[in-house]
2 protein chains.
Amino acid sequence: MDSRPGYDRKLLNILRTAASVFAEKGYSRASIRDISGATGVSLSGLYYYFGSKEELLYLIQDHCFATLLTRLEEDLEGVADPECRLRIFVRNHLHFFVANMEEMKVLSHEAEVLTGDFRSRILDKKRAYAGALAGILSELREPEGGTGSEAVENALPPRGEGATLRTTTFVLFGMMNWIYTWYDPERDLPVEELEQTILHLFLHGVLTPPAPDGEVRLPETSRMGRSSIWRGG
Amino acid sequence: MDSRPGYDRKLLNILRTAASVFAEKGYSRASIRDISGATGVSLSGLYYYFGSKEELLYLIQDHCFATLLTRLEEDLEGVADPECRLRIFVRNHLHFFVANMEEMKVLSHEAEVLTGDFRSRILDKKRAYAGALAGILSELREPEGGTGSEAVENALPPRGEGATLRTTTFVLFGMMNWIYTWYDPERDLPVEELEQTILHLFLHGVLTPPAPDGEVRLPETSRMGRSSIWRGG
DNA sequence: GTCGGATCCGTACGATCGTTCGATCGCCAA
DNA sequence: TTGGCGATCGAACGATCGTACGGATCCGAC
């Protein structure tokens, strides 16, 4: 196939820079001229890499989400214990979020602006990702039955166990995703402690004092330095 | 003073309609012409009620936040027990959020677009509100000492107990505020159960089974029907 | 009756936006 | 040398935006 390393590298550089501009000014307030100035590529030259501003946003979100999903599948492979799977999910999500704060802010904050196929393609990935967490939470409470992902986005059952599972799922997502509004890596806790704090709050609550020797550590501490999306400079 | 009931009623109606438009299309994608069409007031006629689009957003956010703060102070008055104060805070926040979803979405989602005095005035209210929750959480963990609000926004201490308190505060806000991205009152849990679920998760965690006879009920169940900001039609 | 302020409107202006178009440059194959 | 294609550019177009301006309408006070 057509693998043009120069083209791909320049496109990824545009995506990264545009994500930074979108994260700072907001998608609709940021202009293509802003991205042109930030990347050094001329205004019309940018349209060689994307067909419209909306497709640019889609490319950013899709590339970010695809990487996040791939990382999750890698880390979750071979792990069966529900609590361990939950810890891996939270760790992967938080580390990736902090390491790619601008892209994840664009993915979270500009979730409603895409339309048509762009929108549905991102929504499919989002449903799969939320379904994965719901499945873990379902196994955590009663280790049996289905994956739980059906009850999150489907309408049945409207009220009952499915609604509580859906609530629990999105409450956990809220605990994690909200960090893009307040987390400052220079003044707040480092990511590892943030991860432990959130995990303790979600699993045991504030009223339960944390374990004296620190929280549970995961066996494989893979990928601590290469969390970022972007391969090279 | 100049109390013009007709003027005030029309202004509040404009604020409510504009909040709905902003919540649906986003602040910067929504045009004054959209608000003109939604309210029935002509394009230039709107500028009799506000000086600029940014001031309109400020008026929406300020009116919404001021009401939220007033309600909180009323409900918290005379209550000393930290856990009870926390339950009141969460209940007030969630009920107000669900009853005024569009305004609260605008307040949460468009938090970074205001500039200058508009921005700092809203930020002051936001700091006071977050400081109130931080104070409650501080008392909850060790019932003594200060209010805890200093450690949330000030830089000292940079790492340690203050950073954990700050983290806990915003994690709880994340659990609650994220609902504007997923909560649908017609398919999800009713507000009372949402409140109980979030409170149980934050206080005791998922691994702790809930109390068999339902969660703790607050004594005074005031203001269940008049949660909305808007007085009349 | 008419004066004046409160209220509301139609219209237009200048700015900025996303996007398009045709031309140009560099580079490799023929 | 020349042809062609990938890559890039300057300039402009049409649309939409926030806002300003001058005039209309209404209504109670004198």
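Chain identifiers are assigned alphabetically (A, B, ...) following the order of the sequence lines, protein sequences preceding nucleic acid strands; residue numbering begins at 1 within each chain.
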Participant: Give, ordered by number, those residues of residues 48-57 of chain A having at least one heavy-atom distance below 4.0 Å to an atom of DNA chain D; if nothing qualifies, reply none.
Facilitator: A:Tyr48, A:Tyr49
Participant: Among all residues two or more places apart in sequence or in another chain, which pass the ring-ring contact (aromatic ring centres under 6.0 Å, His included) test with A:Tyr7?
Facilitator: A:Tyr49
Participant: Carefully, step by step, assess B:Phe96 and B:Phe65 under the rule ring-ring contact (aromatic ring centres under 6.0 Å, His included).
Facilitator: CA-CA 10 Å; B:Phe96 187 85; B:Phe65 219 149; 9.2 Å; no
Participant: Among residues two or more places apart or on two chains, list those pairs meeting salt bridge (charged side-chain N to carboxylate O under 4.0 Å, His left out) that have a residue in residues 22-44 of chain B.
Facilitator: B:Lys25-B:Asp34
Participant: Test of understanding: with side chain to side chain contact (heavy atoms under 4.5 Å, CB included), list the residues that count as partners of A:Ser20, not counting sequence neighbours.
Facilitator: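 Only A:Glu102 meet the side chain to side chain contact (heavy atoms under 4.5 Å, CB included) criterion with A:Ser20.
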Participant: Taking only residues two or more places apart in sequence or in another chain, which ones pass ring-ring contact (aromatic ring centres under 6.0 Å, His included) with A:Phe202?
Facilitator: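 A:Phe202 satisfies ring-ring contact (aromatic ring centres under 6.0 Å, His included) with no residue once adjacent residues are dropped.
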Participant: Can a donor-acceptor pair be found, under 3.5 Å and without considering hydrogens, that links the side chain of B:Asn92 to the backbone of B:Ile88?
Facilitator: no
Participant: Report the residues that fulfil side chain to side chain donor-acceptor pair (under 3.5 Å) with A:Glu54, sequence neighbours left out, ordered by chain and then residue number.
Facilitator: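 Testing A:Glu54 for side chain to side chain donor-acceptor pair (under 3.5 Å), a comparison that skips the adjacent residues, returns A:Thr115.
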Participant: A:Lys125: which residues meet the salt bridge (charged side-chain N to carboxylate O under 4.0 Å, His left out) condition with it, sequence neighbours left out?
Facilitator: A:Asp62
Participant: Students should find this one: the first and last nucleotides of DNA chain D, 5' to 3', lying under 4.0 Å from a heavy atom of chain A. What are they?
Facilitator: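 Answer, 5' to 3': D:dG6 to D:dA12.
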Participant: Can you list everything that forms a ring-ring contact (aromatic ring centres under 6.0 Å, His included) with A:Tyr183? Sequence neighbours excluded, please.
Facilitator: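 For A:Tyr183 there are no ring-ring contact (aromatic ring centres under 6.0 Å, His included) partners, ignoring immediate neighbours.
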Participant: Thinking salt bridges, do B:Arg127 and B:Asp124 make one under a 4.0 Å N-O criterion?
Facilitator: yes
Participant: Which residues satisfy the salt bridge (charged side-chain N to carboxylate O under 4.0 Å, His left out) test with A:Glu112, sequence neighbours excluded?
Facilitator: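 Salt bridge (charged side-chain N to carboxylate O under 4.0 Å, His left out) list for A:Glu112, sorted by chain: B:Lys105.
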Participant: What are the atom names and distances for every N/O pair under 3.5 Å that joins the protein to nucleotides 24-26 of chain C?
Facilitator:
none

Participant: For A:Leu86 and A:Leu172, what are the C-alpha separation, side-chain angles and deciding distance, and is it a side-chain contact (heavy atoms from CB on, under 4.5 Å)?
Facilitator: CA-CA 11 Å; A:Leu86 177 67; A:Leu172 178 54; 3.9 Å; yes
Participant: For DNA chain D, which residues of residues 24-43 of chain A approach it to below 4.0 angstrom with any heavy atom?
Facilitator: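 Those residues whose heavy atoms fall under 4.0 Å from DNA chain D, taken from residues 24-43 of chain A in numerical order, are A:Arg33, A:Val41, A:Ser42.
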